[in-house]
Protein chains: 2
Amino acid sequence: MNVTIKDVAEAAGVSPKTVSRVLNGEAYVRPSVKEVVLETINRLGYKPNMAARSLAGARSYLIGLAVDDPTWSAYAAGLQLGAIKKCRERNYHLVVEPVDTNQAESEEALMRAIAHLRLDGIILVPPLCTSDSLLDRIEAIGLPYVRVAPGQQPERSALVEIDERQAAFDLTCHLISLGHRDIGFIQGIEQHAATPLRRAGFLDAMHQAGLPVKPSRIQPGDFNFHSGLEGGEILLGDAQDRPTAIFASNDDSAMGVIAAASRLGIPVPQALSVVGFDDAPAARIVWPDITTVRQPLGDMAGAAVEILVDPRYRANMQDVAFRRVLPYEIIHRGSVGPCPT
Amino acid sequence: MNVTIKDVAEAAGVSPKTVSRVLNGEAYVRPSVKEVVLETINRLGYKPNMAARSLAGARSYLIGLAVDDPTWSAYAAGLQLGAIKKCRERNYHLVVEPVDTNQAESEEALMRAIAHLRLDGIILVPPLCTSDSLLDRIEAIGLPYVRVAPGQQPERSALVEIDERQAAFDLTCHLISLGHRDIGFIQGIEQHAATPLRRAGFLDAMHQAGLPVKPSRIQPGDFNFHSGLEGGEILLGDAQDRPTAIFASNDDSAMGVIAAASRLGIPVPQALSVVGFDDAPAARIVWPDITTVRQPLGDMAGAAVEILVDPRYRANMQDVAFRRVLPYEIIHRGSVGPCPT
DNA sequence: TATGCATATGATTGCGCTGTCATGTTGTGT
DNA sequence: ACACAACATGACAGCGCAATCATATGCATA
């Protein structure tokens, strides 16, 4: 049937264990032998059997990505792609596990999958990475995990994030620098750690500039188009008293705000500036395209994979060295203009 | 450490093999014994080890999803979610493998992953499912595969699709029934089998209604927003001679057409009707929302998984019974109106 | 030359499960 | 009552690999 390590060993004139050593990059193999083995592997087209590897060894070469995102938004997609790419590099594989935070049974299914597959590690995406009950259970079984943008309990475990608060601060400052003094804000899902951070960054910037923020200028939202539309219609509804700029907590809701403006006949960016967050693909293609904050989602997921496969992390999961804060970037596009006089 | 089948067997007072029988739903286990075993499994929290199962048995309980879609569009996301859901039901797991059709090395990586993981089956998504070289290689190793919307070589292997041509035909008829007689068309990526089928359905309907289609009314595209924008601008550029409706080959390009109309000051749907295809999430939320064809992507992927785990398919991959044509649905929304007089 | 240590390799065992086959233990028809 | 099936269970081997330990080589130092 299929080529096994034994076949390679025989063909190369060494023991299976030596082939195994070459495969796993262990020390104590003469370069000349190593070369012969590698050549034989290639010639025979040998591919190690993961099941046997994981049964005999300690690792499964499988990393989990747990996501609670029923629509599989661009955010989840960006992370997934980055994670897969890095897994390939490292000869690992990614198993995607969707979880519904609102369903206890769903968490059960995740734990079952983890045990089934003997995952080597798991990447937790908002809002899962802020669920204490889930974190507790994962810690209880000793599974290495990395949180993506948890926004809280930074000391608890490894994490990968950007400085959301600073990014929101910078973006708000940009609007202020263009003369905007009355800026509305559309929030995200409250359970996402990013939501309070982005709001805080926004408020920091406004306060630092000495600009007041009426409570009615802060509208709820849930990171999707509709909430942007609704929040936008409320913020822009009163022609006598409307903000000249709106900060939406992500790009989808920013598109909703633009749609609301368009319905009300308010030209963007001439009469209203709109900014989003995340740099979703759609933010680049809609018209006007949206000024936003680019999160390096692929890099973040890649960093998470790297942490999980790092034996040093597996040895000491409390190690503070595994807290990655990646750079963000403000992307200037067409949805922002100077404050209308 | 972890509970094994042996522990369960001892606790239940039976042999490991009997537990294995219960696990795999084999015949010849007394109901009373089965009950005791199941109770013990539950009590001990036993989770079978996939690696051991796959090493000892013939199945890996892993299904692959191969996708060539660098942006991981809504199409890929919809399929993925449906596949994962069905996998869970069946106690399988999904491993996502992105492939770049333009990179030979990428196909190599896919084949390596297949061998590594001993996949039980693989789902091929356009345009991969029309790559003869890839299909040949997969057949050569005897791996069961299902093609999603291949649009050609229907007899070659199992497939899951909708009747793209009929759907495009129906959608075009809808426009014609509203009085439109001059309809433009934006194509998709030529390598995707859906592209010629949707075009053919469109042309069929036009011809059947006795309506001419000038060559300039057919614009190229690649399923994304930009190509819709460009094609739209060309189709609508001449105010003296412009179609009253445009059929875009998917929702992204339909949004591009709407954006083009908006730039040119052409109100949709008053002066121009636009239809898309796929019923992407965005089609529902933009304004105006887009009349389109809903493909049951989740069901399609689910059906693909069901075929792959079906032992009858594994036994006879030529069986014509495994060709699934799922129903589509035309979704009427705000982007279509009667032909302006 | 003898001693030690770093380097290099192989023999053996077992991971947890399923496949095969042997062995019981009931039921059914005559 | 007997043969013979259908049913029910267990003993045992082995999947392909890595971990462990034992065993060989070199090569410098005393």
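The chains referred to below are lettered A, B, ... by the order of the sequence lines, with proteins before strands, and numbering in each begins at 1.
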Worksheet entry | Per-nucleotide protein contact string for nucleotides 4-10 of chain C, where B marks a base within reach and S marks sugar-phosphate only (heavy atoms under 4.0 Å, - for neither) | ---SBBB

[X] [atom1] to [N] [atom2], straight-line distance once rounded to whole Å:
X: B:Glu10; N: D:dG10; atom1: CD; atom2: P; result: 12 Å
X: A:Ile5; N: D:dA19; atom1: CD1; atom2: C1'; result: 13 Å
X: B:Leu117; N: D:dC17; atom1: CG; atom2: P; result: 14 Å
X: A:Glu26; N: D:dC17; atom1: CD; atom2: P; result: 14 Å
X: B:His116; N: D:dC17; atom1: NE2; atom2: C1'; result: 13 Å
X: A:Leu23; N: D:dA18; atom1: CG; atom2: C1'; result: 11 Å
X: B:Lys6; N: C:dG14; atom1: NZ; atom2: C1'; result: 10 Å

Worksheet item: Between the side chains of A:Glu139 and A:Tyr145, is a donor N or O closer than 3.5 angstrom to an acceptor N or O?
Response: yes

Decide, yes or no, whether a salt bridge links [X] with [Y] under the criterion of side-chain N to carboxylate O below 4.0 Å.
X: B:Arg324; Y: B:Asp299; result: no
X: B:Lys34; Y: B:Glu26; result: no
X: B:Arg90; Y: B:Glu306; result: yes
X: B:Glu105; Y: B:Arg112; result: no

Phosphate OP1/OP2 of [N]: any [X] side-chain N/O under 4.0 Å:
X: A:Asn2; N: D:dG16; value: no
X: A:Asn24; N: D:dA18; value: yes
X: B:Ser20; N: C:dT18; value: yes

Worksheet item: Can you name the nearest heavy-atom pair linking A:Ser54 to B:Ala51, along with the distance?
Response: OG-CB, 2.9 Å

Worksheet entry | Closest contact, heavy atoms only, B:Ala149 versus B:Pro126 | O-CG, 3.8 Å

Discussion item. Are B:Leu297 and B:Val148 packed together at the side-chain level, in the sense that at least one heavy-atom pair is separated by less than 4.5 angstrom?
Written reply: no

Worksheet item: Is the A:His116 ring parallel, tilted or perpendicular to the B:His93 ring (thresholds 30°, 60°)?
Response: perpendicular

Worksheet entry | DNA chain C contacts among residues 53-64 of chain A, heavy-atom distance under 4.0 Å | A:Leu55, A:Ala56

